Amino acid sequence: MASALEDPVLDRQFKGHRDTVTSLEFNPNNKQLASGSMDSCLMVWNFKAQTRAYRFVGHKDAILSVDFSPSGHLVASASRDKTVRLWIPSVKGESTVFKAHTSTVRSVNFSSDGQFLVTASDDKTIKVWTVHKQKFQFSLNQHSNWVRCARFSPDGRLIVSSSDDKTVKLWDKQSRECVHTFQETNGYVNDVQFHPSGTCIATACTDSTIKVWDIRMNKLLQHYQAHSAPVNSISFHPSGNYLLSGSNDSTLKVFDLLEGRLFYTLHGHQGPTTAVAFSKTGDMFSSGGSDVQVMVWKTNFDKCDYEEVSAAHKQRTGLDSHSNIPERQPVSSVMKSTVDTHINTRKQPADMKNDVDVVDVGPALFTGSGQQGGMMNGGRQYGDSEGNGRSSPSTTPLEQKTIPPQIANTLEQIVGQLDILTQTVSILEQRLTMTENKLREVIDNQQKITLQVRPSD
């Protein structure tokens, strides 16, 4: 190997949530991290020094899932209040609401082209929506119990879903048919993720196991029994070579999928680790837990020359390691102490800064309907070193102390013009939809007339 592996290290911790962190997602630009929580708030954390975090208030119950759009300009959140919200991750706090399901919405995911959303709910359905027109497209209805997770494949042609009916289903988005069902015998699947190649899926189960399935041959490839409690969340490294997991046993684990072994065990959270996510570049990953903390880690171990590892593995097995995962025997928890590296970060480094200014942002809707949600704890700003409460946090600028008034006025004018452009585009989209519908009616009428004329000929 060209270079020695380096261990992952805890880079920073964010404190701002008041209840269990349920979901995490990096902005594709690698400058922000979104987190959802049982406290009903969406937090957007900025990595730039001296930049405040945003707390978005609008949901009326716990947020169970968050996802950034591929462009990074939108954040979607799914909630126990039966809705999905689309947010612009800025201080204005603009959002639009999908009254998505008749029960808790547990999962939300953007397609890779950013055109569609898929949602999963306790009403036993999976629903697909268009993002820009914000229209419902269709439902997938074959699950017989709560649907915990639904995600698009990297190419957007497939949808995978997991349910408390102990099944994982693969759906063809075009035909809207279930093309295969994987059965779980010992527990439910809390999370399911597509491998970056789109050829495999991984499942996180309540029976403490992680499984990797080949969806081309519908075959179990790898079966890990490394955790000692239910696995809540998993995330593939963008290279496809590693898998990250978080469990109720309070640990994070990193698996080397090429070698089929447990790679690292990380101890950071006090209590269950409930959410994990790799960044889009793979140089960072994050974790959240019942201890209400959000941790950001530097990956480090992916800095080694994995091309050499891949070449060696390819020579050994004849597989393309970037798009295929080798079949391995189950990795038992009994082997854990001999095959992985334990890293304990519960003792916080002395130079780590946890105090982050947080701006509470109200639910200003795209539609301008004036709907307002109650501000948490009177809408005061948490982490403000001056301790000043603010009555209108939705208009609080990001860096109020440092932005000159002229620049602020210019920015407000630009934002106003963008709002007008957004409304204009929305109107044009509505008119285009009406035109398309009328054109479809004309074509249908022409076909009917043609069919009526032909018999008389």
Side-chain angles (χ1 to χ4, degrees), residues 10-59 62-63 65-69 72-77 79 85-95 268-269 274-277 279 284-289 291-298 348 352-364 373 375-390 392-403 411:
L10 183 61
D11 183 47
R12 64 187 77 192
Q13 292 173 267
F14 292 126
K15 293 181 179 179
H17 283 298
R18 306 180 193 90
D19 206 338
T20 300
V21 179
T22 57
S23 183
L24 295 163
E25 187 70 19
F26 284 89
N27 190 319
N29 66 17
N30 247 26
K31 296 179 181 179
Q32 292 178 317
L33 174 70
S35 61
S37 169
M38 297 294 287
D39 65 10
S40 308
C41 296
L42 167 71
M43 297 288 297
V44 175
W45 311 93
N46 293 290
F47 295 142
K48 184 179 178 181
Q50 307 302 320
T51 303
R52 294 175 178 176
Y54 304 132
R55 178 186 288 115
F56 294 97
V57 180
H59 281 294
I63 294 175
S65 178
V66 298
D67 195 28
F68 265 104
S69 65
H73 296 150
L74 293 172
V75 182
S77 58
S79 172
R85 281 181 181 259
L86 283 180
W87 306 83
I88 295 178
S90 69
V91 75
K92 291 191 70 175
E94 294 176 317
S95 71
H269 291 280
T274 49
V276 297
S279 67
M284 295 185 291
F285 61 91
S286 62
S287 62
D291 58 3
V292 310
Q293 291 198 82
V294 174
M295 297 184 178
V296 179
W297 311 70
K298 287 186 177 178
Q348 178 182 315
M352 184 174 295
K353 295 182 179 179
N354 285 328
D355 295 331
V356 178
D357 282 353
V358 178
V359 178
D360 281 336
V361 181
M375 300 302 297
M376 301 298 290
N377 286 344
R380 62 187 175 91
Q381 181 178 338
Y382 292 83
D384 190 340
S385 59
E386 296 177 344
N388 295 327
R390 300 188 179 180
S392 56
S394 61
T395 59
T396 305
L398 180 62
E399 295 288 351
Q400 187 174 7
K401 297 178 182 178
T402 60
I403 297 180
L411 289 175

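None of the values given here were measured: they were computed from a predicted structure.
In terms of modelled atom types and a separation under 3.5 Å, the side chain of Ser79 and the main chain of Ala62 share a donor-acceptor contact. Looking at Ser279, its side chain never comes within 3.5 Å of a backbone N or O of Phe26 through a donor-acceptor pair. The backbone N or O of Val276 sits nowhere less than 3.5 Å from a side-chain atom of Ser287 that would complete a donor-acceptor pair. Side chain of Asn46 to backbone of Lys48: no donor-acceptor contact under 3.5 angstrom is found.
Contact check for Asn27 versus Leu33: no side-chain heavy atoms found under the 4.5 Å cut-off. Between Phe47 and Val296 there is a side-chain heavy-atom pair separated by less than 4.5 Å. Looking at heavy atoms from C-beta onward, Leu42 lies out of side-chain contact with Tyr54 at the 4.5 angstrom threshold.
Screening Ser40, Ser77, Ser95 against His59 for a side chain to side chain donor-acceptor pair (under 3.5 Å) leaves a single residue, Ser77.
Taking CG of Asn30 as the start and CE of Met284 as the end, the distance is 4.0 Å to the nearest 0.5 Å. The NE2 atom of His269 sits 8.0 Å away from atom CD of Gln13, with the distance rounded to the nearest 0.5 Å. In this structure, NE2 in His73 is found 14.0 Å from CG in Leu86, a value given to the nearest 0.5 Å. Here Ser286 contributes atom OG and Arg12 contributes atom CZ; the two are 11.5 Å apart, rounded to the nearest 0.5 Å. Between the CE atom of Met38 and the OG1 atom of Thr20 there is a distance of 6.5 Å, given to the nearest 0.5 Å. Atoms CZ and OG, on Arg18 and Ser37 in that order, are 9.0 Å from each other to the nearest 0.5 Å.
Residues Phe56 and Val44 approach most closely at CE1-CG2, 3.4 Å, considering heavy atoms. The nearest pair of heavy atoms linking Phe68 to Pro89 is CE2-CG, 4.2 Å. Summarising the geometry of Val21 relative to Val294, their closest heavy-atom pair is CG2-CG2, 4.0 Å, with the distance given to 0.1 Å. Heavy atoms only, all atoms of each residue included: Pro28 and Ser69 are closest at CG-O, 3.6 Å. Among all heavy-atom pairs drawn from His17 and Cys41, the shortest one is CE1-O, 3.5 Å. The two atoms that bring Ala275 and Leu24 nearest to each other are O-CD1, 3.6 Å, heavy atoms only.
Every residue two or more places apart in sequence or in another chain that forms a ring pair (Phe, Tyr, Trp, His ring centres under 6.0 Å) with Phe285 is listed here: Phe278, Trp297.
Taking the six-membered ring for Trp and thresholds of 30 and 60 degrees, Trp45 and Phe14 have nearly parallel ring planes, at less than 30 degrees apart.
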